[in-house]
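These notes are about the structure you will find just below.
Reminder, nothing fancy here: chain letters follow the sequence lines and each chain counts from 1.
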2 protein chains.
Amino acid sequence: MNIGQAAEASGVSAKMIRYYEQSGLIPRAERTASGYREYSEPDIHMLRFVRRARDLGFSVAEISELLGLWQDQSRHSAEVKRIARGHIDDLHRRIRDLQEMANTLTTLADSCHGDDRPECPILERLETGDLIAAIKPRGGVGRAAR
Amino acid sequence: MNIGQAAEASGVSAKMIRYYEQSGLIPRAERTASGYREYSEPDIHMLRFVRRARDLGFSVAEISELLGLWQDQSRHSAEVKRIARGHIDDLHRRIRDLQEMANTLTTLADSCHGDDRPECPILERLETGDLIAAIKPRGGVGRAAR
DNA sequence: CGTTGACCTTCCAACGATGGGAAGGCCTAC
DNA sequence: GTAGGCCTTCCCATCGTTGGAAGGTCAACG
């Protein structure tokens with residue numbers, strides 16, 4: 001199976017398949033005499049595993065761990081669960097940060113008339129820094145969320 | 001005021017101040033005879049505005065719009081509100097995507113024994129693709145969230 | 001006046017995951 | 001044999017941010 005067909009079958013773009021191979025997440029694919037990558041059913045299986053883990057927001061580093069455990073018949077499920085829990089915590093942190101931003105900004109927007117006058121509490125608060133509540137005074141809420 | 005002091009006073013790192021200047025978000029700073037950037041109170045004011053907008057998760061492009069309106073005495077608050085609402089919608093989309101991931105993964109993790117046996121529903125579901133619910137079948141949930 | 005250390009300057013690179021595109025080779029159907 | 005659709009590698013861009021190297025400047029201290 002060509003890389004294009006593998007991409008189609010797995011839902012991972014050909015670009016990303018090459019990238020995953022190059023970065024060591026997945027093993028080097030077999031090659032035909034002319035240099036084309038060749039994929040078999042187990043390969044597609046693995047690619048789908050990777051895509052589903054990506055859909056759950058796992059980083060490539062985490063997926064690398066998960067793939068290792070997936071292929072390790074003597075794994076302990078506790079290890080898998082630990083990785084999952086860590087990722088869930090990460091997701092919750094990001095959700096909380098975004099929610100704080102949304103809450104603050106919603107309060108600001110609600111207090112803005114939104115008409116053709118220039119007065120605007122949103123700009124005023126951004127200017128004075130009196131961001132009502134819940135905004136951490138320093139330390140990268142905006143950064144952590146990106 | 002030097003860039004270091006401006007960074008201290010505004011909460012924007014010197015690195016980022018240079019980057020913002022270079023990318024056109026903020027105007028070119030005054031320079032001393034020896035080439036050092038010089039910042040005055042209004043400059044610090046603007047930098048603080050930028051930092052607060054970043055803390056609320058606005059992109060640099062959005063901040064550019066907001067800065068323009070901030071300095072435009074004939075602005076319409078409706079325009080500011082429109083940008084804010086757009087960003088709030090974006091935040092909610094990202095929150096929803098992350099929440100879906102967290103929900104699915106929590107369900108999976110809850111069903112995993114987490115002991116020293118290899119059996120693990122998390123890996124099984126990643127393998128089979130039967131991700132219980134709420135996971136969009138395709139189309140970059142994982143991508144959109146990053 | 002000289003040295004030292006803390007600052008500043010510009011330039012280049014990296015992160016993480018992904019897409020775009022160019023230049024060139026291969027394969028298949030007609 | 002040729003067209004056009006694949007494939008290959010390589011480089012670039014994104015976005016916001018940080019790190020570092022190489023070199024200039026400034027203030028304080030002896």
Under 4.0 Å between a side-chain N/O of [X] and OP1 or OP2 of [N], yes or no?
X: B:R31; N: D:dT25; result: no
X: A:R18; N: D:dC7; result: no
X: A:Y19; N: C:dG19; result: no

Just the rounded figure in Å: distance from [atom2] of [N] to [atom1] of [X].
X: A:Q22; N: D:dC7; atom1: CD; atom2: P; answer: 19 Å
X: A:E21; N: D:dC10; atom1: CD; atom2: P; answer: 12 Å
X: B:Q5; N: D:dC26; atom1: CD; atom2: P; answer: 14 Å
X: A:K15; N: C:dG21; atom1: NZ; atom2: C1'; answer: 7 Å
X: B:R54; N: D:dT17; atom1: CZ; atom2: P; answer: 4 Å
X: A:E30; N: D:dC7; atom1: CD; atom2: C1'; answer: 17 Å
X: A:R94; N: C:dG16; atom1: CZ; atom2: P; answer: 14 Å
X: A:M1; N: D:dC6; atom1: CE; atom2: P; answer: 16 Å

Once you round to the nearest 0.5 Å, how far does [atom1] of [X] lie from [atom2] of [Y]?
X: A:I63; Y: A:Y20; atom1: CD1; atom2: OH; result: 5.5 Å
X: B:I122; Y: A:S77; atom1: CD1; atom2: OG; result: 8.0 Å
X: B:L25; Y: B:M16; atom1: CG; atom2: CE; result: 9.0 Å
X: A:R52; Y: A:L47; atom1: CZ; atom2: CG; result: 10.5 Å
X: A:I3; Y: A:E8; atom1: CD1; atom2: CD; result: 13.5 Å
X: A:E79; Y: B:D115; atom1: CD; atom2: CG; result: 13.0 Å

A:S59 side chain, from C-beta outward: closest of D:dT17, C:dT18, C:dA17: C:dA17
Which listed nucleotide (C:dT18, D:dT18, D:dC6) is nearest to the side chain of B:M16? D:dT18
Cut-off 3.5 Å, side chains only: do B:S40 and B:D43 have a donor facing an acceptor? yes
Compute whether any side-chain donor of one residue and acceptor of the other, for A:E127 and B:H45, lie under 3.5 angstrom apart. yes
Hey, what bend do you get for the helix from C:dC1-D:dG30 to C:dC30-D:dG1 if you fit axes on five pairs at each end, rounded to 10°? 30°
Start at the 5' end of DNA chain D and walk down; is the nucleotide closest to B:T32 or to A:I3 reached first? A:I3
Strictly below 4.0 Å, heavy-atom distances to any atom of DNA chain D: list the hits from residues 33-41 of chain A, or just say none. A:G35, A:Y36, A:R37
Under 4.0 Å, counting only non-hydrogen atoms across every strand here, what does A:S13 touch: a base, just sugar-phosphate, or nothing? sugar-phosphate
So, are A:R94 and A:D90 salt-bridged, with charged N and O less than 4.0 Å apart? yes
Going by the rule side chain to side chain contact (heavy atoms under 4.5 Å, CB included), which residues pair with A:E124 if we only count those two or more places apart in sequence or in a different chain? none
